[in-house]
Amino acid sequence: MIVFLLVFSFPVPLFGNSIALSILLSAGMLLKNGQLREAGKLAFSPYAFAVWTGTLLLAYYAFFYSFVRGTFDFARVRILFSMLLGCVACILAYTSLKGKRDDTDYMPRLIVYVFVIQSIIEMAAFVSPACAGIVKRFQFESDMALAEEAYSGFRGLAISGRLYFEFAVTYGVVIILQMKRMVDAGRVSFLHSGELLLLVIGGFFAGRTVFAGLLFALLLLLLARVSVRMKMAFIVRTAIGIGALAALCVILLPGEITGFIQTILLPWVFDLFIKYQETGTATTSFSFNTLNEMYRVEITPTEWLIGSGHYYNPDGTYYKHVDAGYLRHILYWGLLGSALNFLYACRFFYRPFKRLSKGAYNDRLFLAILFAYTLMVHYKGDILGASRFYYIVVILYLFHFIHIKKPIKQTA
């Protein structure tokens, strides 16, 4: 429950946001079990300390930068303090969670399970208007309206405070994490492949960016040091799972729903591949075309160097109507601020990677792929050091990763 409330950060009556409820529940459990000191130790552990102090320092920099430039656009400051809140909530939640935390699969399993539950919720809301009505009670009004206006109701079906890009990108992280669970287990069970299939389906309801997560997950499997037999088993059991799911849809779902899937949902999901087959290039798809237009925006020499100090336009839209991650950072605080933000983002991954011995090939590969995935999705939207929704999952997992991995041995 605490992990679900924390990760999805959805609106709830009285508390405003489920992250507040998760903090209260976590704090209550810590008081009950006498674990406040343990939470303090985690907060001042080298990794957690590096993350939250880095967040605070960058927030101060953003504040004084916007103040000195005279724009008084403190949106970036609010985002970073939201990140700080997420870090604090993760510290409390991770400390309060019961279970065998020395079990290497403990936290990955919890994260995967809450997203599998979310996928089931999305599928139920897709086929049942009654379920969809209940789900919409736990969504922000602006996101709910966009789902109805722009996506024919097949997106925005989750109990979540984020329903689109950030949601899809975070699903991608969990798909990579699920592949890591299979690599660690050294085998592919039908349960593992079924969970992965549910994650992919849930990600499709969030956005096509989930394909990037799936691609990096397959890259992890391809490069990991596991048996060829396991890799072949993944292909076979995934194919069986897809076939079984397709058969169940045909047998159990009403004709109007299967028709909607065939004529609306699947063409939208596979738009990139369809456009590539029709035209020989994926750049003609709506997503790529919009993104390419953003990267043609005019940037002045001053903006390249120190930015404009504007993160939003006065009317609340993105500055120069650009939401591509790298461009938004350059337009806001230039290459200098972008470099500082990049170094800040590295803090999330550097210490976990440093603690690993050179022999921990699969663990190092996983962290490298996760970081590369973060850099890639930032090309499309502002993720790098900016999305609390995304980084809560990363922090929760890396807290556990640090806990169960021994530091590297120092040689004389």
Test item: [X] side-chain N/O and [Y] main-chain N/O as donor-acceptor pair under 3.5 Å:
X: Gln118; Y: Ile159; value: yes
X: Thr238; Y: Ile235; value: no
X: Asp73; Y: Tyr312; value: yes
X: Arg181; Y: Asp105; value: no
X: Ser189; Y: His192; value: yes
X: Ser9; Y: Leu6; value: yes
X: Lys231; Y: Leu222; value: yes
X: Tyr373; Y: Ile176; value: no
X: Asn33; Y: Ser96; value: no
X: Ser387; Y: Tyr390; value: yes

Testing the 3.5 Å rule here: is there a donor-acceptor pair between the side chains of [X] and [Y]?
X: Tyr47; Y: Arg351; result: no
X: Tyr326; Y: Ser338; result: no
X: His400; Y: Tyr94; result: yes
X: Ser119; Y: Tyr171; result: yes
X: Ser66; Y: Tyr332; result: yes

Check [Y] with [X], please: is the shortest side-chain N to carboxylate O separation under 4.0 Å?
X: Asp323; Y: Arg328; result: no
X: Glu166; Y: Arg388; result: no
X: Glu303; Y: Lys320; result: yes
X: Lys180; Y: Asp363; result: yes

Minimum heavy-atom separation for [X] and [Y], please, with both atom names.
X: Leu331; Y: Tyr319; result: CB-CD2, 3.9 Å
X: Ala168; Y: Gly203; result: CB-O, 4.5 Å
X: Ser18; Y: Val12; result: N-CG2, 3.9 Å
X: Tyr391; Y: Ala386; result: CE1-N, 4.0 Å
X: Ile19; Y: Gly86; result: CD1-CA, 4.4 Å
X: Ala48; Y: Ile91; result: CB-CD1, 4.4 Å

Going by the angle between their ring planes, with limits at 30° and 60°, are [X] and [Y] parallel, tilted or perpendicular?
X: Phe10; Y: Phe4; value: perpendicular
X: Tyr397; Y: Phe366; value: perpendicular
X: Phe204; Y: Phe211; value: tilted

- [ ] Tell me, with the steps shown, if Val173 and Ile111 meet side-chain contact (heavy atoms from CB on, under 4.5 Å).
- [x] CA-CA 10 Å; Val173 169; Ile111 293 171; over 6 Å; no
Heavy atoms of other groups near [X] [atom1], more than 12 under 6.0 Å:
X: Phe64; atom1: CZ; value: no
X: Tyr350; atom1: OH; value: no
X: Tyr60; atom1: OH; value: no

Could you check if a side-chain atom of [X] sits within less than 4.5 angstrom of a side-chain atom of [Y], using non-hydrogen atoms only?
X: Arg76; Y: Tyr65; result: no
X: Leu92; Y: Gln35; result: no
X: Phe126; Y: Cys131; result: no
X: Arg187; Y: Val226; result: no
X: Met83; Y: Trp52; result: no
X: Leu80; Y: Phe63; result: no
X: Tyr113; Y: Val3; result: no
X: Val174; Y: Val112; result: yes

Measuring from atom [atom1] of [X] to atom [atom2] of [Y], what distance do you get when rounded to the nearest 0.5 angstrom?
X: Asn362; Y: Leu367; atom1: CG; atom2: CG; value: 11.0 Å
X: Ile369; Y: Leu221; atom1: CD1; atom2: CG; value: 9.5 Å
X: Leu177; Y: Leu199; atom1: CG; atom2: CG; value: 9.0 Å
X: Thr170; Y: Ile392; atom1: OG1; atom2: CD1; value: 9.5 Å
X: Ile330; Y: Asn341; atom1: CD1; atom2: CG; value: 11.5 Å
X: Met182; Y: Leu220; atom1: CE; atom2: CG; value: 9.0 Å

Task: Phe371 and its ring-ring contact (aromatic ring centres under 6.0 Å, His included) partner, picked from Phe349, Phe348, Phe216 - done: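 The ring-ring contact (aromatic ring centres under 6.0 Å, His included) with Phe371 is passed solely by Phe349 among Phe349, Phe348, Phe216.
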- [ ] Indicate, with yes or no, if the rings of Phe115 and Phe8 have centres closer together than 6.0 Å.
- [x]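 Centroid separation for Phe115 and Phe8: below 6.0 Å.
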Open item on the list: Quick one, Tyr61 with Trp333, criterion side-chain contact (heavy atoms from CB on, under 4.5 Å). Give me CA distance, side-chain angles, the key distance, then yes/no.
Closed with: CA-CA 10 Å; Tyr61 175 82; Trp333 51 15; 3.8 Å; yes
TODO: Would you kindly check if the NZ (Lys) or CZ (Arg) of Arg225 is within the cone defined by 45 degrees around the ring axis of Tyr361 and under 6.0 Å from the six-membered ring centre?
DONE: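 Arg225 over Tyr361 ring: yes.
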